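Keep in mind that this is a model prediction, so the values were computed, not measured.
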Amino acid sequence: MSLDPSTGLWPASKFGEDVIIGVIDTGIWPESPSFSDHGMVYTSKLPSKWKGTCQEGQDFNSSLCNSKLIGARYFNKGVKAANPNVTLTMNSARDTEGHGTHTSSTAAGNYVDGASFFGYANGVARGMAPRARVAMYKVIFEEGRYASDVLAGMDQAVADGVDIISISMGFDGVPLYQDPIAIASFGAMEKGILVSSSAGNAGPRGGPLHNGIPWVLTVAAGNFDRTYAASLTIGNNKEKEKRVIVGRSMFPLDAWVRDETLIYNKTLSKCDSLELLAEAPRAIIVCEDTGFLDDQMYAIASVTNLAGAIFVSKDPSRVDLESTSCPGVLISTMEFAAVIDYINSSDDPTAGIKFQQTVTGKEVAPSVADYTSRGPSPNCPAVLKPDVMAPGSFVLASWIPNDYTATVGTNMLLSSQGFNLISGTSMACPHASGVAALLKGTHPEWSHAAIRSAMMTTANELDSSMMPIKDVGRNFTAASPLAMGAGHMVPNKAMDPGLVYDAAPQDYVSLLCSMNFTRNQIMTITRSNDYNCANSSLDLNYPSFVAFYDKNVTTGAMLKHRFRRVVTNVGGGAATYKVKVAPPEGVKVAVWPQSLVFGKKYEQRDYYVEIVYPSDGNGLVSYGSIVWIEESGKHIVRSPIVVSPTSAGK
């Protein structure tokens with residue numbers, strides 16, 4: 001994320017000091033060191049705007065809150081109404097699942113020295129906004145999650161005075177007027193509160209994304225350049241040379257398998273027969289790629305005579321390796337060939353494996369995670385979703401200490417340090433929530449839409465090799481904005497975006513009015529009579545553009561879509577911007593005027609975009625961008641363009 005304690009957004013925002021992040025989730029483990037207020041110096045114990053409380057309940061008393069964790073509530077009327085005779089496992093804000101503890105510490109956890117997951121990712125853990133305040137609203141229980149509890153929790157967060165709401169969950173297959181997150185976030189938006197939400201984990205070929213809500217920030221998940229590894233050494237000191245191969249592993253013990261016999265036996269190499277493996281000699285065994293890695297690991301872990309195992313995958317980076325239950329390492333097919341060559345050329349092949357290795361900066365990053373859900377939004381396709389991408393894979397953050405988080409053989413292990421490595425858009429969302437809190441701390445006058453706009457228009461569409469970000473779920477082809485939104489967040493640039501695309505509540509109502517909703521359905525969302533449909537339009541003032549076609553109608557005629565946008569100058573003063581267009585392939589894009597002149601800060605200018613495009617019978621998605629570049633070169637304001645079939649999922 002390139003955040004630096006000495007320069008940029010962190011010090012400018014005082015690390016999020018006094019910004020309140022309300023987290024809607026499974027609860028919190030208040031004793032976690034991530035929620036200690038140690039070292040936190042505030043001008044006042046609690047912000048004057050704060051109206052929340054630390055609600056007592058089962059195994060949770062008010063003294064567990066402090067200057068970091070300033071509030072905790074729980075909402076269970078829905079789960080009780082649905083199950084009148086239910087006895088809740090934990091009838092309080094205490095977390096029994098780990099998810100809420102993880103997300104809240106990712107967004108705003110305090111500094112914790114020596115954090116790791118069984119030796120992996122060892123270092124100082126901290127949230128994106130480490131000096132921000134946290135308020136937990138537990139709406140998910142082991143006994144279930146109900147829309148009424150989610151709505152009640154979010155409404156209470158707004159009433160309590162939070163600045164940012166972080167919600168790593170969603171409701172699939174419901175229209176906006178039946179979605180509790182859409183309804184509650186509209187009320188939050190009216191109060192100037194940005195709601196940051198997860199896009200979902202349905203992957204490129206699963207269901208569509210959730211939280212495709214026009215007035216929230218929708219966050220996709222990416223991979224970053226940290227891998228958890230083991231060092232495989234083939235050869236020994238008696239031989240002329242040794243070779244070290246760094247493979248993937250999350251074996252949770254501080255172990256070093258030294259100079260063991262290395263065997264590759266066609267009878268055993270499938271590594272799926274407990275009977276055969278139990279008769280194998282003590283050795284490190286090489287297992288072929290059968291496509292059933294979990295079964296192979298289980299088999300190796302179930303026998304006691306093997307010293308370790310080498311597993312193989314065509315592409316190890318695509319393997320979901322959240323646990324390694326045996327002393328094993330995963331290598332690529334190319335590295336596998338080198339191992340086999342060594343075995344065949346040696347009279348006495350040996351190998352060793354050293355675990356608990358963490359490797360950073362070696363892989364090209366970021367990339368779009370294969371599990372992240374893709375747009376377009378099913379409940380409002382006129383607004384391009386997701387908005388941005390944030391780190392979501394193998395994120396280290398706090399966890400409940402009484403949960404088993406790793407396995408060795410058939411033995412389950414507790415996380416002795418109270419941290420866990422997990423993946424999902426649930427992990428990406430609080431990264432964005434924390435960045436939004438930092439921006440709110442730096443620019444308290446900015447609206448929810450201005451904060452979202454700044455994050456989107458400064459996002460990076462290129463990876464560390466300066467090539468387009470790749471999509472793991474699409475065979476490492478260039479990622480579409482339907483997968484990553486505007487790109488990977490760049491927090492320091494978002495602090496000074498130059499121009500922003502703002503939006504007011506009435507703008508969203510005008511959008512709803514054009515979506516064939518009834519008056520009652522719209523009022524279900526707005527919960528107010530204060531709005532009208534006098535100027536209904538699907539053309540929301542948003543920092544992205546999407547034009548659709550029906551892939552089943554290929555008349556050969558070109559389609560045309562026109563947009564109007566208004567940008568506000570939030571730079572230092574007078575400025576002139578000129579447009580640069582990168583049109584999608586086979587698409588014509590016209591922008592006028594081609595320059596925008598601002599005389600002072602907060603001045604507004606409008607511009608128009610016309611996209612002329614064909615209907616493609618193959619349902620292809622094409623994309624490009626519109627970039628406004630300040631003449632001085634200081635600010636570059638980029639918006640993605642997508643031309644897509646109405647249901648793409650790409």
Using a distance-only test with no angle check, is there a side-chain donor-acceptor pair under 3.5 angstrom linking Thr568 and Tyr501?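 Per modelled atom types, Thr568 and Tyr501 side chains form no pair under 3.5 Å.
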If the threshold is 4.0 Å, N to carboxylate O, is there a salt bridge linking [X] and [Y]?
{"X": "Asp539", "Y": "Arg562", "value": "no"}
{"X": "Asp370", "Y": "Arg205", "value": "no"}
{"X": "Asp606", "Y": "Arg564", "value": "yes"}
{"X": "Arg145", "Y": "Asp25", "value": "no"}

Could you tell me which non-hydrogen atom of Ala220 sits nearest to which non-hydrogen atom of Pro386, and how far apart they are? CB-CG, 3.9 Å
What are the two closest heavy atoms between Val139 and Gly153, and how far apart are they?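 Taking Val139 first and Gly153 second, the nearest heavy atoms are CG1-CA, 4.0 Å.
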Proximity of [X] and [Y] rings by center, below 6.0 Å:
{"X": "Tyr177", "Y": "Phe517", "result": "yes"}
{"X": "Tyr607", "Y": "Trp592", "result": "no"}
{"X": "Phe141", "Y": "His99", "result": "no"}

Test item: Arg605 side-chain N/O and Val597 main-chain N/O as donor-acceptor pair under 3.5 Å: yes
Okay, side chain of Ser433, backbone of Ala107: is any donor-acceptor separation there less than 3.5 Å? no
Are side-chain heavy atoms of [X] and [Y] found at a separation under 4.5 Å?
{"X": "Thr524", "Y": "Gln178", "answer": "no"}
{"X": "Leu596", "Y": "Val567", "answer": "yes"}
{"X": "Asp496", "Y": "Lys634", "answer": "yes"}
{"X": "Phe545", "Y": "Leu384", "answer": "no"}
{"X": "Ile213", "Y": "Thr218", "answer": "no"}
{"X": "Met189", "Y": "Tyr508", "answer": "yes"}
{"X": "Val368", "Y": "Ile469", "answer": "yes"}

Tell me, with the steps shown, if Thr457 and Arg638 meet side-chain contact (heavy atoms from CB on, under 4.5 Å). CA-CA 5 Å; Thr457 61; Arg638 180 181 170 276; 5.6 Å; no
Apply the side-chain hydrogen bond (donor to acceptor under 3.5 Å, both in side chains) test between Thr425 and each candidate in Thr372, Asn211, Asn201; give the one that qualifies.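 Testing Thr425 for a side-chain hydrogen bond (donor to acceptor under 3.5 Å, both in side chains) against Thr372, Asn211, Asn201 leaves exactly one candidate, Asn201.
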Stepwise, does the side-chain hydrogen bond (donor to acceptor under 3.5 Å, both in side chains) test hold for Asp507 with Tyr542? CA-CA 10 Å; Asp507 297 321; Tyr542 213 76; over 6 Å; no
Determine whether Val395 and Thr106 satisfy the following criterion, side-chain contact (heavy atoms from CB on, under 4.5 Å), listing intermediate values before the conclusion. CA-CA 8 Å; Val395 174; Thr106 300; 4.2 Å; yes
Apply the test side-chain hydrogen bond (donor to acceptor under 3.5 Å, both in side chains) to residues Asn520 and Thr518: give CA-CA distance (whole Å), side-chain angles for both, the deciding distance (0.1 Å), then the verdict. CA-CA 5 Å; Asn520 286 339; Thr518 67; 5.5 Å; no
Hey, what do you get for CZ (Arg374) to CG (Leu209), rounding to the nearest 0.5 Å?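 Result: 10.0 Å between the selected atoms.
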Hey, mind stepping through Thr477 and Asp471 against side-chain hydrogen bond (donor to acceptor under 3.5 Å, both in side chains) and telling me if it holds? CA-CA 6 Å; Thr477 55; Asp471 187 343; 5.8 Å; no
side-chain contact (heavy atoms from CB on, under 4.5 Å) between Leu439 and Met455: does it pass, once the steps are laid out? CA-CA 9 Å; Leu439 292 171; Met455 295 169 73; 3.5 Å; yes
For atom NZ of Lys493, is the number of surrounding heavy atoms from other residues, nucleotides or ligands below 6.0 Å larger than 12? no
After noting the C-alpha distance and the side-chain angles of Lys314 and Ser332, does the key distance pass the side-chain contact (heavy atoms from CB on, under 4.5 Å) rule? CA-CA 5 Å; Lys314 182 179 180 181; Ser332 69; over 6 Å; no
Classify the ring geometry of Tyr531 against Phe186: parallel below 30°, tilted from 30° to 60°, perpendicular beyond 60°.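 Perpendicular, since the angle between the ring planes exceeds 60°.
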